[in-house]
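Structure first, then comments.
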Amino acid sequence: MTGVLTVLGLGPGGPGTTTPEASAALETASDIVGYTTYTDRVSPRPSQRIHASDNRVEADRAHHALTLAAEGRSVAVVSSGDPGVFAMAAVVCEAIEAEPAAWGTVELRILPGVTAMLAAAARAGAPLGHDFCAINLSDNLKPAALVEKRLRLAAEADFAMALYNPRSKARPDGFDRALRVLREACDDDRPVIFARAVTRPDETLSVVPLPQATAEMADMQTVVIVGSSATRVVARPAGPLVYTPRAVPA
Ligand code: SAH
């Protein structure tokens with residue numbers, strides 16, 4: 001007997017930011033698997049089993065979820081935001097590729113969610129209105145030199161950028177280095193948006209020009225959006241409106 005494995009995103013955190021599709025999948029799951037911080041956001045029914053684990057054990061978590069599904073259970077793997085953006089969907093795909101015989105018949109569903117950069121961009125205006133890229137600044141899963149190279153080339157290509165995992169206690173200096181790379185590659189009027197805990201009760205948003213951006217403005221609950229050279233900041237009584245026009249002049 002084989003079951004179903006649903007990989008879903010809970011959205012950025014606030015009530016109402018989980019899609020109805022993801023909520024329905026959570027309702028019907030027999031088992032909910034995820035990093036403790038994310039499973040804590042789920043209110044399980046008495047019959048549902050929660051399997052919470054530490055953030056660093058992603059491969060074990062995927063294996064465990066697939067094992068439960070192969071036993072016939074209906075398993076939901078939860079991430080914050082979207083499950084395909086720096087989260088569990090790719091880890092599950094990797095596990096399936098590694099052991100095709102074991103998991104071949106498990107039904108896999110991946111349900112999208114509202115990723116942090118989209119929630120943050122919507123709060124600020126439309127900074128991702130033209131071409132943009134997303135970069136995970138953590139060097140846990142890739143060399144720090146590659147992070148810097150991607151930042152430099154993205155700035156050179158004049159993308160707006162969404163920077164995930166900007167700063168953690170384990171990497172206090174990484175974001176300082178990232179800001180240095182950006183200052184070398186970008187003009188001084190480049191707007192930087194620090195969006196923290198977006199959609200949650202403690203949400204904060206600040207917009208500063210690149211030279212005024214400091215590493216202390218970000219933590220692991222912050223997504224940072226750096227404008228392109230075309231990004232505009234419009235002063236309004238309620239706070240700045242940041243947007244990148246759809247068109248770049250020829
Ligand atoms: N899958 C998630 C991203 C996981 S990586 C998603 O799609 O959003 C974790 C990083 O996401 C955090 O370090 C932070 O940069 C960002 N993040 C997640 N939720 C956030 C929120 N509510 N506000 C601001 N940034 C958030």
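Both counts, for ligands and for their atoms, begin at 1 and track the order of listing. Remember, predicted model here, so these are calculated numbers, not experimental data.
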Would you indicate whether the side-chain heavy atoms of [Y] and [X] approach each other to under 4.5 Å?
{"X": "Leu5", "Y": "Arg109", "result": "no"}
{"X": "Arg41", "Y": "Ser80", "result": "yes"}
{"X": "Pro209", "Y": "Val192", "result": "no"}

Measure and list all N/O to N/O distances between ligand 1 and the protein that fall under 3.5 angstrom.
residue, atom, partner, partner atom, Å
ligand 1, 1 (N), Ser80, O, 2.9
ligand 1, 1 (N), Asp82, O, 2.9
ligand 1, 1 (N), Val85, O, 2.8
ligand 1, 7 (O), Asp82, N, 2.8
ligand 1, 7 (O), Asp82, O, 3.4
ligand 1, 7 (O), Thr115, OG1, 2.6
ligand 1, 8 (O), Thr115, OG1, 3.3
ligand 1, 8 (O), Ala116, N, 2.9
ligand 1, 13 (O), Asn165, N, 3.4
ligand 1, 13 (O), Asn165, OD1, 3.0
ligand 1, 13 (O), Met220, O, 2.6
ligand 1, 15 (O), Asn165, N, 3.0
ligand 1, 15 (O), Thr222, O, 2.7
ligand 1, 19 (N), Arg200, NH2, 3.4
ligand 1, 22 (N), Pro12, O, 2.9
ligand 1, 22 (N), Val198, N, 3.3
ligand 1, 22 (N), Val198, O, 3.0
ligand 1, 22 (N), Arg200, NH2, 3.3
ligand 1, 23 (N), Ala197, N, 3.4
ligand 1, 23 (N), Val198, N, 2.9
ligand 1, 25 (N), Gln221, O, 3.4
ligand 1, 25 (N), Val223, N, 3.4

Not counting sequence neighbours, list each pair that qualifies as a ring pair (Phe, Tyr, Trp, His ring centres under 6.0 Å) and has a residue in residues 102-152. His63-Trp103
Got a salt bridge between Glu203 and Arg196, using NZ or NE/NH1/NH2 to carboxylate O under 4.0 Å? no
Between Gln48 (side chain only) and Leu26 (backbone N and O only), is there a donor and an acceptor less than 3.5 Å apart? yes
